[in-house]
Visitor: 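Below are the structure tokens for one structure; questions will follow.
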Number of protein chains: 2
Amino acid sequence: MNPVAFFKCLADETRLRSLLLIAHEGELCVCELMEALDQSQPKISRHLAQLRQCELLSDRRQGQWVFYRLNPALPEWARLVMETTLTGNPEFIADNKRALAQMQSRPVRDGHCC
Amino acid sequence: MNPVAFFKCLADETRLRSLLLIAHEGELCVCELMEALDQSQPKISRHLAQLRQCELLSDRRQGQWVFYRLNPALPEWARLVMETTLTGNPEFIADNKRALAQMQSRPVRDGHCC
DNA sequence: TTCATATATTCGATTTTTCATATATCCTGC
DNA sequence: GCAGGATATATGAAAAATCGAATATATGAA
């Protein structure tokens, strides 16, 4: 993982918010990120594709949804950088977390239904 | 310190190398960075000005030289991010450190002469 | 099969970033 | 003050990133 390429990925509002939200929530799909960030579907999708191509995110399809999570193979230092950023700037994604919490009818993950 | 603005600063080869070198060496001037990165003076200078404007670096003039160091007011999380990046990628600036060590007649800091 | 929902991709226009050259400013020694 | 070297800035051209709109693909249900 080239450090410059890594930071280029973080150097965009949409991508950084998506990454930190995913790091915090564990796993999110496109429609959840649309709601949390209040952005169009193509915009979210394009940035996620970029993050997947750089191998920061990995995806898994479940039915009609695609869930994104941090790439398990991510180097330790990269994971630490995101964690440090999140801890040092808790207010940065506060609004996004709130919007996500208020979202109606979020997709149900396998293994989470009753 | 806005996280996105911070990462934009790190998302360039010249700036990231300069930052990490300065973080490692404590203090460097333009001519030392030119030698260490093998880049033109205007290029180095422009990027340093950008880093100073974002308040990642602070400068001090000593005679004809201007020395740059990490801004002492830098938030803890930002300093940690750079440290983590440096520790996790020691080879990234290895060549630059070598070039700097081989540089002839480096400017003498006040208080460092015998 | 057909429809509805979720996600991905392409295209063209706009904005931002980057760079090289040239010019200006500052400092020191004479 | 003046000359020469070191550092800083301005300008315009080239390259890259971003965005919205339109389009395409995939899945599940009827």
Side-chain angles (χ1 to χ4, degrees), chain A residues 2 4-19 21-22 27-54 56-69 100 103-110 113, chain B residues 2 4-19 22 27-54 56-69 103-110 113:
Chain A
N2 175 342
V4 175
F6 174 68
F7 288 124
K8 271 187 208 284
C9 287
L10 305 196
D12 174 88
E13 183 102 15
T14 302
R15 287 197 297 272
L16 185 58
R17 284 185 193 278
S18 299
L19 266 177
L21 263 184
I22 289 171
E27 199 176 55
L28 289 173
C29 69
V30 179
C31 62
E32 290 173 318
L33 287 166
M34 287 173 60
E35 191 84 10
L37 304 194
D38 190 27
Q39 298 288 334
S40 71
Q41 182 272 322
K43 183 170 173 178
I44 297 283
S45 180
R46 190 155 14 86
H47 284 295
L48 288 181
Q50 195 173 338
L51 292 174
R52 187 186 14 156
Q53 190 164 5
C54 294
L56 266 68
L57 294 181
S58 64
D59 61 339
R60 123 186 125 82
R61 174 176 284 276
Q62 175 193 311
Q64 56 197 142
W65 296 287
V66 177
F67 289 98
Y68 287 87
R69 67 173 66 198
L100 186 61
M103 179 177 175
Q104 304 292 321
S105 63
R106 293 172 59 180
V108 179
R109 275 80 173 161
D110 281 346
C113 77
Chain B
N2 176 341
V4 176
F6 174 67
F7 288 124
K8 271 187 208 280
C9 286
L10 305 197
D12 173 86
E13 183 102 15
T14 302
R15 288 196 295 272
L16 185 59
R17 285 186 193 277
S18 299
L19 266 177
I22 288 171
E27 198 177 55
L28 290 173
C29 69
V30 178
C31 61
E32 290 172 318
L33 286 166
M34 288 173 58
E35 190 84 10
L37 305 193
D38 190 25
Q39 297 287 335
S40 72
Q41 181 272 324
K43 183 168 176 177
I44 298 283
S45 178
R46 186 163 18 83
H47 285 295
L48 289 181
Q50 196 173 338
L51 293 173
R52 188 184 14 152
Q53 189 164 6
C54 295
L56 267 69
L57 293 181
S58 63
D59 60 339
R60 126 185 121 84
R61 176 175 283 275
Q62 176 193 310
Q64 57 196 141
W65 297 288
V66 177
F67 290 97
Y68 288 87
R69 67 172 67 198
M103 179 177 174
Q104 303 293 322
S105 64
R106 294 172 59 180
V108 178
R109 276 82 171 158
D110 282 346
C113 78

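Owing to the predicted nature of the structure, the values given are computational and were not obtained by experimental measurement. Naming convention: chains lettered A, B, ... in sequence-line order (proteins, then strands); numbering from 1 in each chain.
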Visitor: What pairs of residues pass the salt bridge (Lys or Arg N to Asp or Glu O under 4.0 Å) test when at least one of them lies in residues 37-49 of chain B, not counting sequence neighbours?
Guide: none
Visitor: Who passes ring-ring contact (aromatic ring centres under 6.0 Å, His included) against F7(A), sequence neighbours left out?
Guide: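 For F7(A) the ring-ring contact (aromatic ring centres under 6.0 Å, His included) partners, ignoring immediate neighbours, are F7(B).
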Visitor: Along DNA chain D, 5' to 3', what are the outermost nucleotides having an atom less than 4.0 Å from a heavy atom of chain A?
Guide: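 The protein-touched segment is dT18(D) to dG28(D).
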Visitor: When rounded to the nearest 0.5 angstrom, what is the spacing between CG in L10(A) and CG in L19(A)?
Guide: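 The distance works out to 6.0 Å.
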Visitor: With sequence neighbours excluded, what pairs up with R61(A) under the salt bridge (charged side-chain N to carboxylate O under 4.0 Å, His left out) test?
Guide: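 R61(A) satisfies salt bridge (charged side-chain N to carboxylate O under 4.0 Å, His left out) with no residue once adjacent residues are dropped.
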Visitor: What's Y68(B) touching, base or sugar-phosphate or nothing? Going by heavy atoms closer than 4.0 Å.
Guide: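 Sugar-phosphate, backbone atoms only, no base.
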Visitor: First locate atom CG of N2(A), then atom SG of C9(A), and finally report the distance between them rounded to the nearest 0.5 Å.
Guide: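 Nearest 0.5 Å value for the CG-SG distance: 10.0 Å.
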Visitor: Would you list the pairs meeting salt bridge (Lys or Arg N to Asp or Glu O under 4.0 Å) in which at least one residue belongs to residues 5-19 of chain A, sequence neighbours left out?
Guide: E13(A)-R17(A)
Visitor: Ignoring hydrogens and angles, write down the donor-acceptor pairs under 3.5 Å from the side chains of residues 30-37 of chain A, residues two or more places apart or on other chains.
Guide:
unit_1	atom_1	unit_2	atom_2	d
E32(A)	OE1	C29(A)	N	3.0
E32(A)	OE1	R109(A)	NH2	2.9
E32(A)	OE2	R106(A)	NE	2.9
E32(A)	OE2	R106(A)	NH2	3.2
E32(A)	OE2	R109(A)	NH1	2.9
E32(A)	OE2	R109(A)	NH2	3.3

Visitor: Can you check each nucleotide of nucleotides 15-30 of chain C against protein heavy atoms at under 4.0 Å and return B for base, S for sugar-phosphate only, - for none, in 5' to 3' order?
Guide: ---SBBBB----SS--
Visitor: Can you name the salt bridge (charged side-chain N to carboxylate O under 4.0 Å, His left out) partners of E27(B), sequence neighbours left out?
Guide: R60(B), R69(B)
Visitor: Drop me the distance from R52(B)'s CZ to D59(B)'s CG, to the nearest 0.5 angstrom.
Guide: 5.0 Å
Visitor: Sequence neighbours excluded, which residues qualify as ring-ring contact (aromatic ring centres under 6.0 Å, His included) partners of Y68(B)?
Guide: none
Visitor: Using rotation axes that map the C1' atoms of four end pairs onto the next four (five pairs an end), what angle separates the end axes of the helix from dT1(C)-dA30(D) to dC30(C)-dG1(D), to 10°?
Guide: 30°
